[in-house]
Amino acid sequence: MKIKNYINGQFSPPISDEWIDNYCPANGEVYGQIPNSSTKDVEEAYKAAKEAFPAWSNTTLEKRNRILIKISELLEDNLQDFAEAESKDNGKPISLAKAVDIPRAASNFRFFGNAITQFASESHESIGQNAINYTLRQPIGVVGCISPWNLPLYLFTWKIAPAIAAGNCVVAKPSEVTPITAYLLGEICKAAGLPNGVLNIVHGLGTTTGQAIVEHPDIKAISFTGGTATGAYIAKVAAPMFKKLSLELGGKNPNIIFADCDYQDMLETTVRSSFSNQGQICLCGSRIFVEASIYDKFKADFVQKVKGLKVGHPSEATTNIGALVSKPHLEKVMQYIDIAKEEDGIVLCGGKRVTVTDYENGYYLEPTIIEIQNDQCSVNQEEIFGPVVTIMPFKTEDEVLEMANKVKYGLSATLWTNNLKRTMNMSNQLQAGIIWINTWMLRDLRTPFGGVKASGVGREGGFEALRFFTEAKNVCIKY
Ligand code: NAD
């Protein structure tokens, strides 16, 4: 399969005719090629977006709404094909792509198609001064959207949908590791009647294609989701050009379990929050802190449940854990298991590569639980982004609060308790952009989403995303 760029409504090869191999994580084989796009391809995409902007930014909200809803419907109509493609590209179970990734991509278009029709601007009467102020929310122009590989279409569309709903034209780059569903999205957008040039998709490496988007002087805003180091680099490159930036970065999220929680619900959800998508979700609760009085029971029950998870080919209905996204990523995750042992961590289960019959070269790893002795050890501080979690006991609320916050990241935190006073106290003090109490990854698209500290800058979701993708202009009229 040879993937092409989608520029000005046309599928085109890269100008250089250079290509990058694309691997299937489930069997380790090359099954396609993607463009190794250069600055020249990004320039073509920019020109198409710039040309499309005057008409698109003047398109009525009703028409924008209709097109976005149509994209959403076409994604739903093609659910099976998209889910299979996502799974083949990323290694995640097809069942997960079908239940979560693709439906969520469809919801992104539906949600922002509707949200733009409800996005009100403010007005303020300056009493005693005979003046009235009103604020326009104007689209920025051409914006860049860059997304990672873990939730490929889910996160790609989480940026594109609000950007185009708000009247911008987009130059977008999916991860080079998982390009396929972004490629298929081009066809859907065309079929839905999205005018040529409103969405341009350029494939390629981060350090060439991605960087060319960030360095482009006339791409005025960048919405980026990916690693913290990449985000820091993008901020440095973009700063002298005063670009608007939204940075959704890494996480190392605490999952804090008190003895007074609803135990069974907590246990089931903790298995999910630890190992969903092979632990490759920025929101996974990879640091588990358990109140000492239930620590031994939890440890035994959790290990037993996790040993029951089936690692297997992503297309099998019984598979719980599919393949990791790439060989280098698998090797990085496995290195952390070695580091954990050097730092006196005890591997309670997992830790080894899995050979799946008929798919011996796939990137499979056992779900791994490491009991740690010290919360400052590397496996409890650095983002591993794989099926590896740490557990350790705590005695008091103050102690666990300190450990939860003593990390450079601040994306999300989960708390299991039925104590209201504790809930309020800890929610106020946990350093994270998203707090879940007695649940995990329950998402309402109207809510702000994003992190603090090294987990990012800015918020997406709901009107926050529409605010990011527009400039506020205040007009003051004296009468
Ligand atoms: P990454 O930073 O390596 O790449 C992300 C994207 O940026 C890719 O499209 C890549 O090609 C591009 N890129 C890389 N270098 C670039 C550069 N110099 N200039 C411009 N673009 C560049 O991240 P990844 O490995 O694809 O994804 C995993 C990371 O994403 C993890 O750290 C994870 O926590 C994070 N993530 C965060 C969220 C969130 O919402 N906070 C969600 C999902 C994933």
Side-chain angles (χ1 to χ4, degrees), residues 20 22 25 34-37 39 42 89-90 92 100-101 104 108 144-160 171-179 181-182 201-216 219 222-238 243 245-253 276-286 324-326 328-330 332-333 382-386 407-412 432-434 441 443 447-461 464-465:
I20 307 162
N22 188 23
I34 70 161
N36 187 2
S37 302
T39 312
V42 170
D89 221 8
N90 171 279
K92 66 177 70 204
V100 177
D101 293 76
R104 172 56 189 275
N108 289 338
C145 298
I146 302 176
S147 59
W149 49 257
N150 64 321
L151 301 168
L153 196 67
Y154 177 131
L155 290 171
F156 193 58
T157 55
W158 177 236
K159 301 176 176 308
I160 289 166
V171 177
K173 190 193 96 63
S175 169
E176 60 274 28
V177 191
T178 52
T181 45
I201 303 170
V202 192
H203 296 273
L205 300 173
T207 45
T208 48
T209 320
Q211 205 155 316
I213 296 173
V214 177
E215 284 174 352
H216 197 292
I219 296 181
I222 303 287
S223 171
F224 169 81
T225 300
T228 292
T230 317
Y233 183 77
I234 287 175
K236 202 167 142 190
V237 174
K243 286 185 194 228
L245 286 184
S246 172
L247 303 174
E248 301 284 352
L249 311 177
K252 188 76 182 174
N253 312 301
S276 265
N277 205 39
Q278 296 71 247
Q280 302 166 143
I281 302 182
C282 54
L283 302 164
C284 277
S286 52
L324 272 67
V325 75
S326 67
H329 188 59
L330 171 72
K332 181 196 127 182
V333 174
E382 292 166 25
E383 187 185 43
I384 301 175
F385 215 55
V407 67
K408 73 174 181 177
Y409 297 101
L411 187 56
S412 72
I434 303 142
M441 217 173 155
R443 293 280 298 117
T447 60
F449 181 95
V452 298
K453 304 197 286 190
S455 290
V457 178
R459 292 292 177 272
E460 297 186 347
E464 297 281 349

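Start at 1 with the first residue, then count along the sequence. Order of appearance sets the numbers: ligands from 1, and atoms from 1 within every ligand.
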With a 3.5 Å distance limit and no angle check, can you tell me whether [X] reaches the backbone of [Y] through a side-chain donor-acceptor pair?
| X | Y | result |
| --- | --- | --- |
| N22 | I34 | no |
| T157 | Y154 | yes |
| E383 | K252 | no |
| K243 | V214 | yes |

Just to be sure I read this right, does ligand 1 sit under 4.0 Å from the backbone of [X], its side chain, both, or neither, counting only heavy atoms?
| X | result |
| --- | --- |
| L249 | backbone |
| L155 | side chain |
| V177 | neither |
| P174 | backbone |

Can you tell which of [options] gets a heavy atom nearest to [atom]?
| atom | options | value |
| --- | --- | --- |
| atom 1 (P) of ligand 1 | P328, G227, S412 | G227 |
| atom 2 (O) of ligand 1 | T228, T230, T225 | T230 |
| atom 8 (C) of ligand 1 | C145, P148, S147, G206 | S147 |

Is the closest heavy atom of G456 to ligand 1 under 4.0 Å?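 No, G456 has no heavy atoms under 4.0 Å from ligand 1.
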Considering non-hydrogen atoms of the protein only, which is the closest contact for atom 31 (C) of ligand 1, and what is the distance?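 So the nearest neighbour among protein heavy atoms is E383 OE1, 3.4 Å.
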Less than 4.5 Å apart, side chain to side chain, heavy atoms only: is that true for V457 and L245?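 When only atoms from C-beta onward are counted, L245 and V457 do not touch, as no gap falls below 4.5 Å.
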Protein heavy atom under 4.0 angstrom of atom 4 (O) of ligand 1, is there one?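 Within 4.0 Å of atom 4 (O) of ligand 1, no protein heavy atoms are found.
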Could you check whether S223 and E460, counting side-chain N and O atoms only, form a donor-acceptor pair closer than 3.5 Å?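 On atom types as modelled, these side chains qualify, holding a pair under 3.5 Å.
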For residues G204 and I20, report the shortest heavy-atom separation together with the two atoms involved.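 Closest heavy-atom pair between G204 and I20: CA-CD1, 4.2 Å.
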